[in-house]
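Read through the structure below, which is laid out as structure tokens, and then see the notes.
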Amino acid sequence: MKKKALLFIALAFTLLLSACSQSSSSDDTNNKKNSGKLEIFSWWTGAGEEDGLKALIKLFKEKNPDIPVENAAVAGGAGTNAKAVLASRMQGNDPPATFQVHGGAELNDGWVAADKMEPLNDLYDKEKWNDKFPKQLIDMVSKDGKIYSVPVDIHRGNVLWYNKKVFADNNLQAPKTLDEFFKVADKLKAKGITPLALGDKEPWTATMIFENILLGTLGNEDYQKLWTGDLKFDDPKVKKAAESFKKMLSYVNDDHSSRNWQDASQLVAKGDAAMNIMGDWAKGYFVNDLKLKVNEDFGWVATPGSEGQFMIITDTFGLPKGVKNTKDVKQFLSLLGSVEGQDAFNPLKGSIPARTDADESKYDEYGKQTMKEFKEAKLAPSLAHGSAAPEGFVTKANQAVNIFVTQKNVGQLIDSLNQASSELKK
Amino acid sequence: MEPKVLPSLQSGSSLAVSAKKRRKWNVDHWLSFAFILPSVIAVAVFVYGFIAWSGYVSLSNWNSLVPDLSFAGLKNYLFLFKDFRFQADLRNTLFFTLFFILAVLFMGLMLAVFLDQKIRGESLFRNIFFFPMALSFVVTGVIWQWLLNPATGVNLFLKKIGLDSLWYTSVTVIPGIQWSKIQFGVPVAVIAVVIAAAWQMTGFSVAMYLAGLRAIPEEIREAARMDGAGEFQIYRKIIFPMVAPITVSVVIIMAHISLKIFDLIYAMTGPGANFVTDVPGVYMFETTFRGNYYANGAAISIIMLLSVAIFIVPYLISSRKGES
């Protein structure tokens with residue numbers, strides 16, 4: 001009998017416990033919603049970018065000491081893991097207060113099309129932003145006349161980085177066209193130096209090379225037509241670009257598939273390889289992590305054939321539907337879009353501000369030049385970073401490119417892209 | 001079963017049993033039932049409920065951010081079996097599983113026999129062999145990636161003595177018979193992953209085999225020795241057959257790990273050039289959460305579940321038979 005009584009007590013106790021934990025957890029969520037913690041979701045955890053985010057949050061706290069902020073960054077290059085976490089939270093109707101999203105298709109064909117975002121036109125009017133950001137950029141974050149996010153930074157995707165010492169030692173000039181690139185690459189190869197460093201353990205790095213060749217070969221207008229379905233992937237010009245891509249791949253390091261983009265940048269930094277095609281976050285890596293000097297240890301030019309064009313990758317923040325503390329979120333977005341906010345964040349991250357009226361003196365030599373070119377150049381959305389096409393297409397394109405890097409079968413690449421292009425009309 | 005035999009006794013005993021049962025249901029059974037009820041409900045909802053949901057999604061058109069649960073038939077499955085990447089995944093999983101299990105069994109048995117020789121410092125060796133089990137696959141993946149990378153680690157030695165250091169990133173498939181869209185055979189790059197996985201899981205089979213070896217009474221060996229059997233013969237004819245049931249358990253447990261493997265590959269090699277080290281788990285993650293192909297992802301998960309079931313279900317059935 002005693003044993004039975006004990007069991008009953010134990011059972012009652014467990015039930016009580018579970019009841020308690022349930023009520024306390026629901027209390028927690030209630031508190032969260034009431035106090036309205038401002039949860040900022042991003043994948044900024046690397047050197048430089050994390051400092052930039054922290055500077056932004058610090059600035060926000062100074063101005064709004066009564067709004068509690070939570071930095072909900074998820075680690076992982078190019079947001080691979082963060083995007084997965086975000087997708088499940090959005091599907092489960094538990095959106096963060098605001099989240100990092102690339103302007104372009106990732107925003108418009110993703111979250112806006114899924115009816116998960118609030119328009120921000122009133123905020124743009126209130127802050128008089130409509131002429132502060134370039135019109136092409138505002139178009140990238142708008143759908144049907146409604147603006148859905150605030151761009152905080154701009155990265156350039158069509159940059160060829162090169163080791164200045166290697167180029168000087170071999171009396172070479174940085175190549176501006178594909179023909180020049182192949183000439184330079186042949187000379188380097190003859191000297192036993194790897195001409196082009198590639199690290200495609202994550203295949204988007206190879207996709208970046210391909211999109212840059214596409215931009216250089218097709219020109220801005222035709223490049224953009226690819227993503228609207230107005231130019232087919234079996235167009236002879238696309239085939240020509242694929243042939244150039246194939247040729248370029250014959251100049252890369254043997255162990256490319258075991259490296260990530262940082263490992264590839266290291267090859268250039270050490271002088272084991274001469275050139276590398278990567279977005280200008282590579283500059284942040286060169287300067288912050290490898291302690292190289294801008295325009296002394298490494299130089300840059302636009303990728304072959306893409307001079308006067310700007311492959312744009314922009315990080316933006318928007319307001320998801322179903323968020324309770326809308327006012328606080330807008331307060332934060334106001335700061336993100338302000339000159340003060342952009343100049344606090346971008347010099348640390350190594351990107352340039354999305355506004356055209358920011359303070360140039362805060363940026364390094366590369367930043368100043370890029371800011372100037374950003375104002376003059378034609379903008380082109382990046383495929384590899386989700387601005388040009390929906391994620392569904394990007395995933396398939398990455399797979400096709402990953403196969404192509406090994407098999408080098410132009411016909412097959414074109415076929416795969418053509419098949420995947422049905423995703424573009426969604 | 002046989003009612004004609006001793007009818008009175010039979011009915012009497014069954015009466016007694018049912019009375020006993022009823023009495024138990026009153027107190028003890030209700031109590032124990034109440035205790036397991038929460039976990040039964042949790043398992044029903046969060047395991048079987050969601051398996052059923054995945055199965056349903058895998059038959060739907062939900063291949064974008066907006067849920068579309070209209071019925072699509074076997075479209076997603078047909079797509080997968082025609083897909084280059086999924087065909088490569090099936091090939092890689094097959095050979096990874098095969099080599100991984102063979103390596104774990106062989107190494108485990110050898111090391112267990114070694115430990116069973118009553119050697120000095122046995123507990124030290126035992127700990128050394130078991131230690132990798134304490135790590136997560138992610139840690140193992142990162143470390144072995146550094147060790148086997150062409151630019152660092154072991155391959156620098158290989159390079160020094162003039163051997164090929166690029167096997168880790170090799171896209172060669174041996175023998176590479178064309179089969180549907182892929183080349184069928186053993187992808188060389190998979191060997192690196194097999195080494196890492198076997199390094200981690202061998203400790204488990206050592207533990208299992210060691211327990212099995214220790215359970216064999218010394219008398220049997222003595223008797224065999226008396227009959228003039230050599231040490232080798234004793235192992236081959238007596239010891240190994242006696243630990244055979246353990247082999248079955250190890251195979252089942254290793255198979256379900258290797259068929260579902262994700263973390264090791266994701267941390268170590270990724271999908272690999274031409275998908276030579278890709279596995280269904282990685283494909284499922286990327287296609288579902290990066291490409292928003294929810295229905296395709298669900299179909300991959302269901303295929304993974306079925307492939308594990310091929311191993312687990314016969315095992316469960318046979319072990320139930322053994323009990324009754």
Side-chain angles (χ1 to χ4, degrees), chain A residues 3-4 7-8 10-11 14-15 18 78-81 83-88 90-91 109-116 200-204 206 253-260 263 266-267 272 386 390-400 402-407 412 416 420 423 426, chain B residues 27-28 30-35 37-38 62-68 79 83-86 88 145-146 148-152 155 164-173 181-183 189 192 266 268-278 283 285-294 296:
Chain A
K3 197 176 149 203
K4 227 161 260 167
L7 271 173
F8 269 117
L11 178 63
T14 30
L15 286 177
S18 62
T80 338
N81 303 330
K83 284 179 190 175
V85 174
L86 180 68
S88 47
M90 296 290 271
Q91 297 283 1
D109 298 329
W111 303 122
V112 174
D115 197 26
K116 299 270 187 193
D200 66 343
K201 188 181 170 193
E202 294 167 89
W204 59 263
N253 42 308
D254 294 332
D255 61 350
H256 57 87
S257 67
S258 68
R259 288 173 181 268
N260 56 26
D263 300 331
Q266 259 184 40
L267 284 178
D272 292 337
E391 291 286 324
F393 180 83
V394 178
T395 310
K396 294 218 163 149
N398 278 334
Q399 287 179 19
N402 186 24
I403 295 167
F404 180 76
V405 170
T406 302
Q407 301 195 351
Q412 202 183 52
S416 310
E423 300 288 331
K426 272 187 186 168
Chain B
V27 204
D28 277 0
W30 279 114
L31 200 59
S32 37
F33 185 68
F35 267 111
L37 189 65
W62 186 8
N63 277 325
S64 72
L65 275 176
V66 190
D68 173 4
F79 165 78
D83 185 31
F84 175 89
R85 183 170 183 178
F86 194 69
Q145 177 210 337
W146 289 332
L148 300 180
N149 209 299
T152 55
N155 287 302
D164 175 31
S165 62
L166 284 171
W167 60 281
Y168 181 76
T169 54
S170 168
V171 291
T172 316
V173 177
K181 285 188 178 161
I182 57 159
Q183 290 192 307
Y266 199 69
M268 192 173 165
T269 58
N274 214 16
F275 299 116
V276 278
T277 55
D278 198 43
Y283 189 14
F285 176 74
E286 286 190 355
T287 203
T288 311
F289 297 109
R290 294 280 288 141
N292 302 319
Y293 295 106
Y294 288 88
N296 281 344

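- The side-chain heavy atoms of A:Gln399 and B:Tyr283, taken from C-beta on, include a pair separated by under 4.5 Å.
- In this structure, A:Ile403 CD1 and B:Phe84 CZ are separated by 4.5 Å, a value rounded to the nearest 0.5 Å.
- Both the backbone and the side chain of B:Asn274 come within contact range of chain A, each with at least one heavy atom under 4.5 Å from a heavy atom of that chain.
- For the pair B:Ala151 and A:Asp255, the tightest heavy-atom approach, listed with the atom from each and the gap, is CB-OD2, 3.8 Å.
- For chain B, no part of A:Asp200 is nearby; none of its heavy atoms comes within less than 4.5 Å.
- Side-chain atoms of A:Lys396 never come within 3.5 Å of backbone atoms of B:Gly291 as a donor-acceptor pair (strictly under, hydrogens ignored).
- Contact annotation for B:Leu65: both backbone and side-chain heavy atoms come within less than 4.5 Å of a heavy atom of chain A.
- Remark: A:Asn398 CG to B:Arg290 CZ distance equals 7.5 Å, nearest 0.5 Å.
- No side-chain heavy atom of A:Gln412 sits under 4.5 Å from any side-chain heavy atom of B:Lys181.
- For the side chain to side chain contact (heavy atoms under 4.5 Å, CB included) with B:Asn292, the lone residue among A:Lys83, A:Glu423, A:Glu391 that qualifies is A:Glu391.
- The two residues B:Pro67 and A:Gln91 come nearest to each other via the heavy atoms CG-OE1, 4.2 Å.
- The parts of B:Phe275 that come within reach of chain A are both its backbone and its side chain, each placing non-hydrogen atoms under 4.5 angstrom from that chain.
- Interface remark: A:Phe404 contributes no atoms to any contact with chain B (heavy atom separation under 4.5 Å).
- For A:Ala113, the part lying near chain B is the backbone, with the side chain staying farther off; criterion is any non-hydrogen pair under 4.5 Å.
- Ranking A:Ala114, A:Ala206, A:Gly392 against chain B, the residue ahead of the rest is A:Gly392, based on heavy-atom pairs under 4.5 Å.
- Looking only at distances, no side-chain donor or acceptor of B:Tyr168 sits under 3.5 Å from a matching main-chain atom of A:Ser258.
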